[in-house]
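One structure is given here, and the rest of the page talks about it.
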Amino acid sequence: NLIMRAYLGIDVGYVDVNLKNNFDVLEKVKSQHLTLYFWNDLSENEAERISKKLKYFQNKSFVVEATEVYGFPNKTNPHLVALKFNSLDKLVELRKDVLSYLNLVGDLNFEPHITLYRKKKLDSSFKESKEFLEIIGGVKVKISNVSLYSSNPDKGLNEYKLIQKKILS
C-alpha cells in the first residue's frame, strides 16, 4: 500500500500574475491549482476511496478574489510564491463540506492558496534577500471543480497527477 503526497485542489486554468522580480531560483508552476487541503502521507487505498466518493460530491460554483502575493515560509527566501485570498470564508466552507462528505478530519488551519512559483531545487537560495512581494488587486478566480491530485517530488517539485475531478454546478 503505497504512501503518497496528495491534495484536494481546484483546477483554475492559468492565473496570469506577472511579478516584476528576479526569480532566478523559482520556476512557474505548469498546472496551476488552488490547494484546499494537503496530505504528506496519504495511502494509495485511501486515495482510491476518496476518488470514488468525490465523484458524487455536490456543490455550487462561485468566484473568489485574490488580493495578495506571499512567500512560504517567508518573503525573503520562499520555497513557493502563492496568491492569498481576501475572503477565505467560501473556500474554508467548501473545504469543510468536502472533508466532511469524504469522512475526513483535517488541519483546518491550512490556508487555501494558488501556487504561482516553486523553487527549482529546495536547497537553492536567492541571490538577494530583499522583500519582493506586493499587494495585488482584482485577480478573480472561478471555483468550478474539486479535484484530487497526487504529487511526486522525486520527479520534480512541479509534477502533479490528476486522480479525480468533480465539476461543481
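The first residue of the sequence shown is numbered 1, and numbering continues consecutively from there.
S144 and S61 get closest at one heavy-atom pair: CA-CB, 3.7 Å. When every heavy atom of N59 is checked against every heavy atom of L168, the shortest pair comes out as O-CB, 3.4 Å.
Residues passing the ring pair (Phe, Tyr, Trp, His ring centres under 6.0 Å) test with F57 are Y101, sequence neighbours excluded. With sequence neighbours left out, the ring pair (Phe, Tyr, Trp, His ring centres under 6.0 Å) criterion links F85 to no other residue.
Residues E93 and K96 are paired through a salt bridge, judged by an N-O separation under 4.0 Å between the basic side chain and the carboxylate.
The list of salt bridge (charged side-chain N to carboxylate O under 4.0 Å, His left out) pairs with a residue in residues 160-169, not counting sequence neighbours, reads D11-K165.
Considering CD1 of I50 and CG of N103, their distance stands at 10.0 Å, rounded to 0.5 Å. The CG atom of L104 sits 7.5 Å away from atom CG of L8, with the distance rounded to the nearest 0.5 Å.
With contacts defined as side-chain heavy-atom distances shorter than 4.5 Å, the pair T35/Y149 does not qualify.
Side chain of S169 to main chain of Q58: no donor-acceptor pair is present (N/O by atom type, distance under 3.5 Å, no hydrogens or angles). Side-chain atoms of R49 come within 3.5 Å of backbone atoms of L102 as a donor-acceptor pair (strictly under, hydrogens ignored).
Using bins of under 30°, 30° to 60° and over 60° for the plane-to-plane angle, the ring pair H113/F110 lands in the tilted bin.
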